[in-house]
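Shown next, in structure tokens, is the structure this report addresses.
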There are 2 protein chains.
Amino acid sequence: MNRGMTAKGLATRQRIVVAAALLIREKGAAETTLDDVRAATSTSKSQLFHYFPDGRIDMLVAVARHEADQVLEAQRPYLDELTTWESWQAWRKAVLRHYGELGRRCPLGSLISELGKSSPEARTIVSDLFATWEAALLRGTGTLLSDRGAAVGCARSVLAAVQGGVVLLQMTDRVDYLEAALTSAIEPMRSGAAAR
Amino acid sequence: MNRGMTAKGLATRQRIVVAAALLIREKGAAETTLDDVRAATSTSKSQLFHYFPDGRIDMLVAVARHEADQVLEAQRPYLDELTTWESWQAWRKAVLRHYGELGRRCPLGSLISELGKSSPEARTIVSDLFATWEAALLRGTGTLLSDRGAAVGCARSVLAAVQGGVVLLQMTDRVDYLEAALTSAIEPMRSGAAAR
DNA sequence: GAAAGATTGGACCCGCAAGTCCAGAATCAG
DNA sequence: CTGATTCTGGACTTGCGGGTCCAATCTTTC
């Protein structure tokens, strides 16, 4: 790592990623040009290509990686403590609040839809994200549900509920779907907790 | 309607929409250029702008409308007959088969992500789609669940389950999520049917 | 059958945004 | 200190793709 990169350089690079992420949240990846990023960061074209040798795509991948981290970060610390029914409810509430605030903006959405075809790396980022996300959920369902198969299925349907709820939130501006989907998806955990 | 448009003209227009939809399914909206469409349909630039006066966006909206219809079409006739537990299972199976075949291609996804900001009309198309979809589901849940609130919530969470499952299918190439999400989302219908 | 309007062909324009290049300033290593 | 390397500025090139235009045909209508 750090293949010949000064602390200053690293800072600049990070500055670019963060600023680009912000721009993309607002306008979407497709309408965010290198010139926008350049202007927002007070940098020059050459710096953009210095830190992201493969150009635009390279930069978008970096932003995607950054945003993927944020997704999990927004669910902490709840995501790692899903051992009781109460903690599931707390997590649900955190998710609702977070995506409610985000509203229509989807940090990863536009990014992936632009990178998806050209960059297999981007796909990896997302599937890794989902994998660790699912694993965390599974740790929770596993402790509350004695049947292994049920725990796996439940973790998956919870994950799907979040995704679906968010999609519908973005399209309709209503959180009702996310609320309903989460409620019904974590329902098995209530009786699971009671049975322990 | 048909504001001065010959049958021939209408046919050409339709040919363009269908061909464009195909191209977009394969390459995504962003990478589909007017020239691609022109080539695929053996038409000329002027025809494209003749039938879609506002240009590219106009055409994409037409394609989106077309694709939105297909979404519901793929679920027929099951979607309109969700009155028994067996019919829900049949519907579930149809949905799984359809999206399994589609695989990574998402007809509306790239379209919306490109049109979303610029064209409010596109947003309308999607929210209308979801509205009629939800209404159909609600007719089903309403007949099987006596509690109105439960029926509404269930319809919403089923819809979210489909969306989430499809998102995950596209990202991970695995139908497991869609399967799990659907199974658990329509679960209340089983006991509902038994209780009748 | 002739005017009016719809349909088609394709050359052309033009702006935008990605990417290149080189020279100069800052920083580091020894 | 000094040579090497990294960092920065910004002008320039380039190609792609949306959009314009006009003239040539085909259709409809009366």
Side-chain angles (χ1 to χ4, degrees), chain A residues 1-20 23-24 26-64 110-111 113-115 117-119 122, chain B residues 1-20 23-24 26-64 110-111 113-115 117-119 122:
Chain A
M1 252 304 202
N2 270 17
R3 344 156 258 202
M5 222 193 246
T6 297
K8 185 183 179 187
L10 226 54
T12 303
R13 195 194 130 104
Q14 185 64 8
R15 212 177 79 233
I16 294 173
V17 170
V18 171
L23 282 176
I24 288 171
E26 296 305 319
K27 322 197 305 174
E31 354 295 313
T32 301
T33 74
L34 291 186
D35 242 40
D36 292 335
V37 176
R38 195 189 50 64
T41 53
S42 307
T43 51
S44 62
K45 253 327 182 21
S46 70
Q47 292 181 67
L48 262 40
F49 282 84
H50 180 67
Y51 294 110
F52 308 97
D54 292 342
R56 177 188 169 75
I57 291 182
D58 209 351
M59 186 187 80
L60 292 184
V61 169
V63 173
S110 61
L111 229 24
S113 104
E114 175 153 357
L115 289 175
K117 2 258 162 192
S118 46
S119 159
Chain B
M1 251 310 202
N2 270 16
R3 340 156 266 201
M5 224 193 242
T6 298
K8 186 182 179 188
L10 228 52
T12 304
R13 195 194 130 104
Q14 185 64 9
R15 211 176 80 234
I16 293 173
V17 170
V18 172
L23 282 176
I24 289 172
E26 296 305 319
K27 322 197 305 172
E31 353 295 315
T32 301
T33 73
L34 290 186
D35 244 37
D36 291 335
V37 177
R38 196 189 49 64
T41 54
S42 306
T43 51
S44 62
K45 244 352 178 2
S46 70
Q47 292 182 70
L48 261 40
F49 282 83
H50 180 69
Y51 294 110
F52 307 97
D54 291 342
R56 176 189 169 75
I57 291 183
D58 209 352
M59 187 187 81
L60 293 185
V61 169
V63 172
S110 61
L111 229 25
S113 103
E114 175 153 359
L115 289 176
K117 2 257 162 194
S118 46
S119 159

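Each chain gets a letter, A, B and so on, in the order the sequences are listed, and its residues count up from 1.
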Just how far, in rounded Å, is [atom2] of [N] from [atom1] of [X]?
X     : N      : atom1 : atom2 : answer
B:L48 : C:dT8  : CG    : P     : 11 Å
A:L10 : D:dC7  : CG    : P     : 9 Å
B:M59 : D:dG17 : CE    : C1'   : 12 Å
A:E31 : C:dA18 : CD    : C1'   : 16 Å
B:R15 : C:dT7  : CZ    : P     : 13 Å
A:I16 : D:dC7  : CD1   : P     : 11 Å
A:I57 : C:dG19 : CD1   : C1'   : 12 Å
A:F52 : C:dA18 : CZ    : P     : 14 Å

[N] phosphate, OP1 or OP2: any side-chain N/O from [X] under 4.0 angstrom?
X     : N      : result
A:T33 : C:dC16 : no
A:S46 : D:dG10 : no
B:Q47 : C:dT8  : yes
A:T6  : C:dA26 : no
B:Y51 : C:dA6  : no

OG on A:S113 to CD on B:E114, rounded to 0.5 Å
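B:E114 atom CD to A:S113 atom OG measures 8.5 Å (nearest 0.5 Å).
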Rounded distance (nearest 0.5 Å) linking atom OG1 of A:T43 with atom CG of A:L48
5.0 Å
Can you spot which of A:M59, A:Q14, A:M5 makes a side-chain contact (heavy atoms from CB on, under 4.5 Å) with A:Y51?
A:M5
Between A:K117 and B:E26, does any NZ, NE, NH1 or NH2 come within less than 4.0 Å of an OD or OE carboxylate oxygen?
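Salt bridge between B:E26 and A:K117, a charged N being under 4.0 Å from a carboxylate O: no.
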DNA chain D: 5'-proximal contact among A:K45 and A:H50 (nearest heavy atom):
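That would be A:H50.
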More 5' along DNA chain D: A:T43 or B:F49, using each one's nearest nucleotide?
A:T43
Side chain B:S119, main chain B:A122, donor-acceptor under 3.5 Å:
yes
Closest-nucleotide 5' rank along DNA chain C - winner of A:R56 and A:A7
A:R56
